[in-house]
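Note that the numbering runs from 1 along the sequence shown for the chain.
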Amino acid sequence: MYLRTQMIIELINQINDALWGYAIIAALVGCGLWFTWRTRFVQFRMVGEMFRLLFESSGRPDGHERHISSFQAFAVSLASRVGTGNLAGVATAIAVGGPGAVLWMWVMALLGSATAFVESTLGQLFKRHHRDSFIGGPAYYIQQGLHSRWMAILFAVLITVSFGMANNSVQANTICGAMQGAFGWNPEVVGVVLVIITLIIIFGGIQRIARVSSVLVPIMAVGYFVLAVVIVIMNIDLVPHVFRVIIDSAFGLEQAVGGTVGAAIMNGVKRGLFSNEAGEGSAPNAAATAAVSHPVKQGLIQALGVFTDTLVVCSCTAFIILISGIYDNPELNGIMLTQTALQHEVGAWGSVFVAIAILLFAYSSIIGNYYYGEANVRFMTKHPAAIPIFRILSGGVMVLFGALVSLDTVWSIIDLCMALLTACNLIAIILLGKYVFRLLDDYRNQKQQGIESPTFHRSQLPELQDELDCWE
């Protein structure tokens, strides 16, 4: 049994190497460049509008639905983004690909924010009415925009397995590892406690998930950022050295000869995607739940989420690790590297702080990831037993599974899921991007006319009127 499992894992790793070696990286970079150009650098030119929109009221006059606000939808997506990828994923990228991987994570964030804008705007455009909120995502815009039921089902299956199953196992695995390293707690006990708490939250539906996320996300992000800033200030003289190490590792001659530039690019892109999820098709599921007057509004807010995740939170972890100088220790990887680096800078309590941060970061990801799965289970079937069964599988079985298996096994599964999921979504948003470009032009024109809060009606896209459930 053990040998058979090892063979399966080895096969998965070989497929991952083939997909991530060229195809997925080229597709992500290519889409990022294309969408940046076609949107006229929307992620840079409209940053001010992103911040303004984040706190704009999103109430609607019909009063029939308990709407999710723009900020709550942003918090749900950020809850999924800001997790182990920011602490353990960054550490893994640096340990395997060297400090240069950090630069490629930044590059992917800058380009990926344009991709995130496109996919989240599409999520809003093709959203549908649901019992207690709106619902949508790539499966919905693939079916309604591309009229491809089989491709929509394929995406729905992939994201349900990737986020509702494998991704939640990654989060649980990292929480248990951090708690064991900091407090010596038994992973099995921690896993059982996680299962109980998670089931309580997710059985409350998207409304409870949104409320919990909107509280947890700001607290954990601000707290971690403040700690990182303090560490940087304490070691301000090392900051130029850190930037030099990152750039040299990304482009240096020695690294090119040794072949580590390729490793830096691959790991930077792969872990960057796992962290900010731009192009993966996950955030549109959260973006679709928000009540806004124009699809572009939530697209801009979700683009801001990529910046927040990678350029802020991931950079905090990278600077903590690189300032410590222990990033090249072969015995340290994943969350243990982050804990040791922080302990090196602030003392023994650093390990405890990371454990608590991981608990908040990863737990918020578990409940955010669960919702992505739920939205797509609802797309695939209307059977009344489907959601309760999925809640038990996602919040119960897979969380406990992640607490008990090895780190390598979990990462191998999630890397494969990420590759397949991303390929499916990128094909869809490339084909449907023309609608986003028109919506963005309309939004900019209304702003230029002095309209403070642009609005959209489905009659503005006559060829899609019959496919748009909302936007009356």
Side-chain angles (χ1 to χ4, degrees), residues 42 46 49-82 113 116-141 144 205-218 277-278 281-309 364 367-372 374-376 378-379 429 435-436 439-440 442-443 452-458 468-472:
V42 64
M46 301 186 73
E49 182 72 355
M50 294 176 191
F51 281 101
R52 188 189 72 81
L53 289 171
L54 184 60
F55 302 103
E56 182 183 72
S57 172
S58 60
R60 284 164 61 104
D62 52 44
H64 296 302
E65 296 164 298
R66 296 180 295 161
H67 291 298
I68 302 297
S69 71
S70 291
F71 179 78
Q72 287 178 318
F74 171 80
V76 171
S77 65
L78 201 58
S80 176
R81 285 187 174 118
V82 179
S113 56
F117 165 76
V118 172
E119 63 181 359
S120 293
T121 301
L122 286 172
Q124 265 288 317
L125 177 64
F126 289 99
K127 68 185 180 183
R128 304 187 71 83
H129 290 288
H130 185 53
R131 182 177 63 255
D132 56 359
S133 68
F134 296 110
I135 193 169
Y140 295 82
Y141 58 65
Q144 295 164 237
I206 181 58
Q207 297 291 338
R208 186 177 296 173
I209 292 171
R211 287 195 298 269
V212 172
S213 298
S214 62
V215 173
L216 278 184
V217 170
E277 301 173 10
S282 53
N285 294 274
T289 64
V292 291
S293 64
H294 198 291
V296 166
K297 289 184 175 182
Q298 202 62 27
L300 291 171
I301 290 172
Q302 297 300 342
L304 181 63
V306 175
F307 287 145
T308 305
D309 172 88
S364 68
I367 60 176
N369 291 340
Y370 159 77
Y371 176 70
Y372 294 164
E374 178 187 305
N376 286 275
R378 292 188 185 279
F379 174 82
I429 63 176
Y435 300 119
V436 177
L439 287 170
L440 181 58
D442 172 68
Y443 188 87
E452 182 70 17
S453 182
T455 58
F456 170 75
H457 189 278
R458 61 187 178 190
L468 302 182
D469 184 61
C470 304
W471 309 108
E472 297 90 348

Can you tell me how far the [atom1] atom of [X] sits from the [atom2] atom of [Y], to the nearest 0.5 Å?
X	Y	atom1	atom2	result
Gln298	Ser293	CD	OG	11.0 Å
Ile301	Met50	CD1	CE	10.0 Å
His129	Ile135	NE2	CD1	13.0 Å
Leu300	Gln302	CG	CD	10.0 Å
Arg458	Leu125	CZ	CG	11.5 Å
Asp442	Thr455	CG	OG1	8.0 Å

If every non-hydrogen atom of [X] is compared with every non-hydrogen atom of [Y], which pair is closest and at what distance?
X	Y	value
Leu440	Phe117	CD1-CZ, 3.9 Å
Phe456	His294	CB-CD2, 3.6 Å
Phe307	Ser113	CZ-OG, 3.5 Å
Gly299	Ser120	CA-CB, 4.0 Å

TODO: Keeping the roles fixed (side chain from Gln124, backbone from Val296), state whether a donor-acceptor pair exists under 3.5 Å.
DONE: no
Task: Flag, side chain of Glu119 to backbone of Gly281, donor-acceptor distance under 3.5 Å - done: yes
For the residue pair [X] and [Y], establish whether any side-chain heavy-atom pair is separated by less than 4.5 Å.
X	Y	answer
Pro295	Leu122	no
Thr121	Tyr141	no
Pro454	Lys297	yes
Asp469	Phe134	no

TODO: Report yes or no: do Gln144 and Tyr140 form a side-chain donor-acceptor pair below 3.5 Å?
DONE: no
